[in-house]
Amino acid sequence: MSSIIYHENYPPPWRPLLIIVFPLLPIFWTYQMTITDTTLTFGYSYASTTINLNDIISATPIDHVNGLRNWGGWGIRFNLRGETGYICKNGSAVKIAVKMMDKNGGECAPKIYVFNCDEASRVCHILNSDED
């Protein structure tokens, strides 16, 4: 069993707004980010992404992400550069590049994710193998 190295878990600040679209409430009920000794998982209650730590090429801290200005809103977002954002709130975040393979097993362009976390610098140190 993998041991947890770092963990965050909190309700999105915009959770009360989900009353308007009640069926989405369980999906976005809680935002979480967990690093174990083998994986990184981030996202919402029923909509999260898990990545093997060996597939992470780089992790870069972002001092401030504005969900509306940078991503057009909060939740699971996509931009024109092909990046995927798990944007829970305005504030610090981490940008990771993840190794991707094509159908033939060759490496192709990395997949970029941006996700919120309270201690972006610390998380980047862990993901870049600077801290255990």
Side-chain angles (χ1 to χ4, degrees):
M1 181 176 229
S2 298
S3 61
I4 294 175
I5 298 170
Y6 184 88
H7 180 74
E8 291 183 14
N9 184 337
Y10 43 85
W14 40 266
R15 184 166 70 181
L17 297 175
L18 291 174
I19 298 299
I20 298 167
V21 285
F22 182 74
L24 296 178
L25 193 58
I27 297 169
F28 295 100
W29 187 253
T30 302
Y31 178 81
Q32 56 200 355
M33 194 275 300
T34 304
I35 302 172
T36 69
D37 51 4
T38 58
T39 62
L40 163 67
T41 302
F42 53 89
Y44 300 94
S45 301
Y46 293 102
S48 61
T49 297
T50 299
I51 298 167
N52 187 312
L53 294 181
N54 294 327
D55 292 336
I56 297 174
I57 300 167
S58 65
T60 307
I62 300 172
D63 289 333
H64 186 78
V65 168
N66 182 304
L68 197 55
R69 189 172 349 141
N70 302 129
W71 289 90
W74 297 269
I76 302 170
R77 312 301 293 181
F78 305 95
N79 66 22
L80 296 175
R81 293 183 299 271
E83 300 172 343
T84 302
Y86 284 76
I87 309 302
C88 173
K89 61 184 179 177
N90 293 343
S92 63
V94 171
K95 181 178 188 174
I96 60 170
V98 179
K99 282 189 255 182
M100 300 300 290
M101 300 295 197
D102 62 20
K103 290 184 253 181
N104 300 321
E107 242 181 77
C108 56
K111 173 72 178 150
I112 305 297
Y113 292 95
V114 175
F115 59 91
N116 285 115
C117 66
D118 290 335
E119 297 183 54
S121 293
R122 180 175 176 209
V123 168
C124 288
H125 285 296
I126 295 168
L127 296 177
N128 289 322
S129 299
D130 294 333
E131 180 180 311
D132 290 325

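Positions are given from 1 along the sequence.
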For the [atom1] atom of [X] and the [atom2] atom of [Y], what is their distance to the nearest 0.5 Å?
{"X": "I4", "Y": "T39", "atom1": "CD1", "atom2": "OG1", "result": "9.0 Å"}
{"X": "N54", "Y": "T38", "atom1": "CG", "atom2": "OG1", "result": "8.5 Å"}
{"X": "L40", "Y": "I56", "atom1": "CG", "atom2": "CD1", "result": "5.0 Å"}

Taking the side chain as C-beta and beyond, is there a heavy-atom pair between [X] and [Y] under 4.5 Å?
{"X": "M100", "Y": "D55", "result": "no"}
{"X": "K89", "Y": "Y31", "result": "no"}
{"X": "S58", "Y": "C124", "result": "no"}

Going by ring pair (Phe, Tyr, Trp, His ring centres under 6.0 Å), F115 matches just one of W74, Y44, W71, F42. Which one? F42
Provide the closest heavy-atom pair for [X] versus [Y] in the form atom of the first, atom of the second, distance.
{"X": "E119", "Y": "E8", "value": "N-OE2, 3.5 Å"}
{"X": "Y10", "Y": "C88", "value": "CE1-SG, 3.8 Å"}
{"X": "G72", "Y": "R77", "value": "O-NH2, 2.8 Å"}

For the side chain of [X] and the backbone of [Y], is there at least one donor-acceptor N/O pair under 3.5 Å apart?
{"X": "T30", "Y": "S45", "result": "no"}
{"X": "N66", "Y": "N90", "result": "no"}
{"X": "D102", "Y": "N104", "result": "yes"}
{"X": "N116", "Y": "S92", "result": "yes"}
{"X": "K111", "Y": "G82", "result": "yes"}

Go through R15 and L25 one step at a time and tell me if the side-chain contact (heavy atoms from CB on, under 4.5 Å) criterion holds. CA-CA 8 Å; R15 184 166 70 181; L25 193 58; 4.2 Å; yes
side-chain contact (heavy atoms from CB on, under 4.5 Å) between D37 and I5, worked out: CA-CA 7 Å; D37 51 4; I5 298 170; 4.2 Å; yes
Working note: Q32 + T41, criterion side-chain contact (heavy atoms from CB on, under 4.5 Å); need CA distance, chi angles, decisive distance, verdict. CA-CA 8 Å; Q32 56 200 355; T41 302; 5.8 Å; no
Examine [X] and [Y] and state if one hydrophobic cluster contains both, with Ile, Leu, Val, Met, Phe, Trp and Tyr joined whenever side-chain heavy atoms are less than 4.5 Å apart.
{"X": "V114", "Y": "L68", "value": "yes"}
{"X": "V123", "Y": "I62", "value": "yes"}
{"X": "I76", "Y": "I87", "value": "yes"}
{"X": "Y86", "Y": "V98", "value": "yes"}
{"X": "I57", "Y": "I126", "value": "no"}

Working for side-chain contact (heavy atoms from CB on, under 4.5 Å), residues T49 and T84: CA-CA 11 Å; T49 297; T84 302; over 6 Å; no
Look at atom CG of N9 and say whether more than 12 heavy atoms of other residues, nucleotides or ligands are closer to it than 6.0 Å. yes
